[in-house]
Amino acid sequence: MTVEIAVSHWDEARVVRFRELMDAEVQPLYAHLYDRVTRVSVDPTTIIATLIASVDDEPVGTVALKQTGPYVEVKRLYVAEAGRRSGVAGVLMSAIEAEAVSRGVRTLFLQTGSSQPNAMALYERDGWIPTAPYGPYEGDELLSRCYVKHLSDPVIAAVVAPDGSADRAIGAIEALDAAGADLVIIEDAPIAGGVIGLDAPMLAGAAAATTHRAALAPRIDTIHTEPFNVAKAVQTVDWTAAGRAAWVATASTSAADARALGRRAEPTGEAAWSEAAAVIEAVQRLEDSWEDDAEIRDRRTGQFIDKDRVHHVHVENKFFSVVGPSIVPRSPQGRVPLIIEISQEDDSFTVAVAAADIVRAATPTLARRVRELADRPLTVLVDVDPADAPRAPHERSAAEGLAAFAADVCAVADADGVVFTGPSAGVLAAVSASAAESHEPQTLRERLGMARPVSRYAKESA
Amino acid sequence: MTKRKMHLGAHFPGVNQTTIWNRPESGSQIDPASFTRFAQSAERGLMDLMFLAEGLRLREHDGEIHDLDVVGRPDTLVQLAQVARQTSHIGLIATLSTTFNEPVEFARQLASLDALSGGRAGWNLVTSHDAFFGANFRRGGYLADDDRYERARAFADAAIAVWDAAGTRDEIRIRDRFFNLDARASLPATPQGRPVIMQAGLSPAGRDIAVRYAETVFSPFLRGSAADDYASDLRARLVAAGRPEDGIKILASASFALGDTHEEAIEQARQDQRDQVSAATAVRHIESIWGRRFDDLDPDGPLPPVSDVVDGVELSAGRAKMHQDQRGRAADLVARAEAENLSVRDAVIRATTFGAPLVGTPAEVARVMDEHVQSRACHGFMLIPTITPTGLDRFVDEVIPELQERGVYRTEYEGETFRDRLT
């Protein structure tokens, strides 16, 4: 017996007929609840795709894909009596997931009901995890039993804030790495704020020695540092971590920082981010200053490098100038992915839209907004506090609940992943619950599906 | 009478004219595994320290990037942070400029290295002032020549104030000609507090810096009257400053060549020199002394006449100025080449033989090293291997046991910190 899947349409007669059959079967199960549960009707314009299954040219079932606010749902899976107990439901589900994947959907949701244990069992066998009622079903714990499934692994990130002990900071990074985090942001404490400050790029270099999976992202101030030194530190973290590096650019406006460093007065927010953008540009030019194949070791001519593939950068702007090239050869990722953190639509937001490879957004609204405005591929991460995770009525474990919550927030934010925040024990549990199976060592760019850029200077000399 | 104990440092053979890059065993100077491998070899040899140099701009020749020597290196601090987690006893010395860093940020970076290494941080205090390096930094070449040591002292004093306040919540207030700082102490107390400070450089101002701050110096003099004069001068300066006369451990720069027989070692040294000074390197060396390009100079032919020297032209940038007296140096080279019938390449090899290397069988080299230490010409050596990252291995396997046999070198690491081992 072969199940044929074909693209159909929500209003196609056979599909309509299957829905009527489904309503006739399912509605009586919930008749006792309809005075207590708001019924959700389907707006046909929100249907993305409808599939129909046939056996021996005989239609036996249907399923649809629907955009419901920020969520993409599997909707109206139905297999007629003739097709039951022969795997048709599974084939339909695989087909609709493939349809979603082809449309770039990262996470799928569905809602079924508390009186359909067979359906719940089917989904759970098929890798769907229980989630709290979402979107239109939120608050309904009587009828709705909701599920979520990742079609691509979300990027799982966390923050380590060193407390002054180098060993504790490294231990915290190692624990997140072992739990499966894709990215660890290492905070750099304000230098004069009374907070104990270990150097974040150095912590990243040290942690590179004993971690295997997580990309290490030191947070680096662009105002009180030398662009040349920032570039060589960032490049070296990438070297030490074999391509598992990113960096978070910040712009200090703190008067205390300025007094402690003593080189200059603190800038205003707008001027600070304007300067940060200039530093980012300089760092990225320095990262490009060596082409990938600059080292040639030509014994015949005695040339160690091809000097035509190592370039001065000649950065000059109203803040500083740097001649270059970097003293560090081009690092494994070419240019180390740049993270910018946004908590409101301010000057940092503007720079994030223009220059970031990865944006860490404090809220789902900001996450959506930055993706809308950035006219290029961008990895967007959204903050999630595991303590806020709701419990699904059919939750099987707290860990699954955390993973489901992260998926829900990702969907609302249209984000590629999350940054877990809050107390470290909760973060570690959430990372462990949400992280994908371990994978082969890879660079952060590979993990994020970001192409490795060619040096901008290679184009000039080609 | 008990013997004076020898201290050993290991200079990572990365960006350095003496590093040989064209042999099959020549490894990467940028792969972090090379640094780990080298540090672990040095640690196997119970050495006091590993040393990383720094250059803040690639060398240039006649306005172009110098392409004949190993080039490209990591950020010293990030690289040493990684090595710190993969070693357990060896001191880690970072060469860092007082000119192009800011003291509070710098101090916390060295404190981070001390914390990450469990008390093994060291700082080779260097000053740089010229506009060539300054072009990579916000301030540019801002410092007048006369001010470089004064800023270095102010910088070191500020950094020391930060280190000394670690573990407290004290206010740190610094007001001088160079700095106007108000910081709150916020660093953790680290095992050493202050890192071990190293100094290199022979000027009177440099020696004053050493006596004021350093616990070790990197000396260019392996032996002879120059080494003896330098050592006795430092002892006198130390005593005058109220410090013990051995308060600074002098590590003499020492490249080496080993062989199973003395003749084999000499042949090894000769081969090393030919690999270090390629035909192209020899011509470029002549160009930088003569102050002009020689596009058709035959490296196997005679030197150009002294009359070709163009005075006052510095073709090389990004390294110590070696050609103050161009015409005099050119005349010396030509005279020697004519007397010994040397080609361009052989003349340069002769002229650039670095630091009279230690050449011989392991037992011979150990004996000579021991003699230098017992004669108080130095307290030990900064070994400069030619091959990355394995260049130290034979020394560790064959010379170290000889030194131990002679009773001049440790058989296990003593103490807890880098400073414990150095003093």
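It should be emphasised that the depicted structure is a prediction, and the values quoted were computed from it without experimental measurement. All values below come from the heavy atoms of this structure, side chains included, with hydrogens, waters and symmetry mates left out. Chain naming here is simple, since letters A, B, ... match the order of the sequence lines and numbering starts at 1 in each.
Contacts of B:D69 with chain A are made by backbone atoms alone, with heavy-atom separations under 4.5 Å and no side-chain atom involved. For A:R264, the part sitting under 4.5 Å from any heavy atom of chain B is the side chain, from C-beta outward, and nothing else. For B:F179, no part lies under 4.5 angstrom from a heavy atom of chain A. In this structure, chain A has a heavy atom under 4.5 Å from the backbone of B:F100, while its side chain stays farther away. Looking at B:E102, only its side chain comes within 4.5 Å of chain A, counting heavy atoms on both sides. Within the 4.5 angstrom heavy-atom criterion, atoms from both the backbone and the side chain of B:P74 approach chain A. For B:Q86, the part lying near chain A is the side chain, with the backbone staying farther off; criterion is any non-hydrogen pair under 4.5 Å. Contact of A:F304 with chain B is made through backbone and side chain together, with heavy-atom distances under 4.5 Å. Neither the backbone nor the side chain of B:L80 comes within less than 4.5 Å of any heavy atom of chain A. Residue B:N136 touches chain A through both its backbone and its side chain, counting heavy-atom pairs closer than 4.5 Å. If you measure heavy-atom distances from A:S331 to chain B, you find no contacts under 4.5 Å at all. Heavy-atom distances place no part of B:A84 under 4.5 Å from chain A, backbone and side chain included. Only the side chain of A:I170 comes within contact range of chain B, with heavy atoms under 4.5 Å apart. Both the backbone and the side chain of A:Q303 come within contact range of chain B, judged by heavy atoms closer than 4.5 Å. When heavy atoms are compared at a cutoff of 4.5 Å, A:D298 approaches chain B solely by way of its backbone atoms N, CA, C and O.
With hydrogens and angles ignored, the 3.5 Å screen pairs a side-chain donor or acceptor of A:D177 with a backbone N or O of A:H212. No donor-acceptor pair closer than 3.5 Å links the side chain of B:S34 to the backbone N or O of B:P389. Counting only distance, with no hydrogens or angles, the side chain of B:W123 and the backbone of B:P195 share no donor-acceptor pair below 3.5 Å. Between the side chain of A:E226 and the backbone N or O of B:F137 there is no donor-acceptor pair closer than 3.5 Å. Between the side chain of A:E287 and the backbone N or O of A:Q235 there is no donor-acceptor pair closer than 3.5 Å. B:D170 places no side-chain N or O within 3.5 Å of a backbone atom of B:A165 that could act as its donor or acceptor partner. A:R297 contributes a side-chain N or O that, together with a main-chain N or O of B:W21, makes up a donor-acceptor pair within less than 3.5 Å. At least one donor-acceptor pair closer than 3.5 Å links the side chain of A:D357 to the backbone N or O of A:L338. The closest donor-acceptor contact from the side chain of A:D188 to the backbone of A:I220 lies at 3.5 Å or more, if one exists at all.
Here A:A233 is the residue among A:A233, A:P201, A:G262 with the most heavy-atom pairs under 4.5 Å with chain B. The candidate from A:V328, A:V234, A:V310, A:I327 with the greatest count of non-hydrogen atom pairs under 4.5 Å with chain B is A:I327. Per-residue counts of heavy-atom pairs under 4.5 Å with chain B were compared for A:L203, A:T225, A:T210; the largest is that of A:T225. Ranked by heavy-atom pairs under 4.5 Å with chain B, the first of A:P218, A:S321, A:A169 is A:S321. Ranked by heavy-atom pairs under 4.5 Å with chain B, the first of A:A282, A:A204, A:A294, A:G302 is A:G302. If you tally non-hydrogen atom pairs under 4.5 Å between each of A:P332, A:A208, A:G324 and chain B, the highest count goes to A:G324.
If you check the side chains of A:S326 and A:S289, you find no donor sitting under 3.5 Å from an acceptor.
The contact list for residues 113-121 of chain B toward chain A, using heavy atoms and a distance under 4.5 Å, reads B:L113, B:A115, B:L116 by residue number. Residues of residues 23-30 of chain B that come within less than 4.5 angstrom of chain A, heavy atom to heavy atom, are B:R23, B:P24, B:S26, B:G27, B:S28, B:Q29, B:I30 in numerical order.
Cation-pi geometry between B:R151 and B:F155 is not satisfied (NZ or CZ under 6.0 Å from the ring centre, within 45° of the ring normal). A cation-pi contact, defined as under 6.0 Å to the ring centre and within 45° of the axis, is absent between B:R138 and A:F319.
With B:R284 as the partner, the side-chain contact (heavy atoms from CB on, under 4.5 Å) test is satisfied by one option alone out of B:D62, B:L68, B:V348: B:L68.
Between A:H311 and A:Y457, the ring-plane angle classifies as parallel under the 30° and 60° cut-offs.
Here the closest non-hydrogen pair linking A:H312 and B:G63 is CE1-O, 4.3 Å.
Between B:R59 and B:D67, no side-chain nitrogen of the basic residue sits less than 4.0 Å from a carboxylate oxygen of the acidic one, so the salt-bridge criterion is not met.
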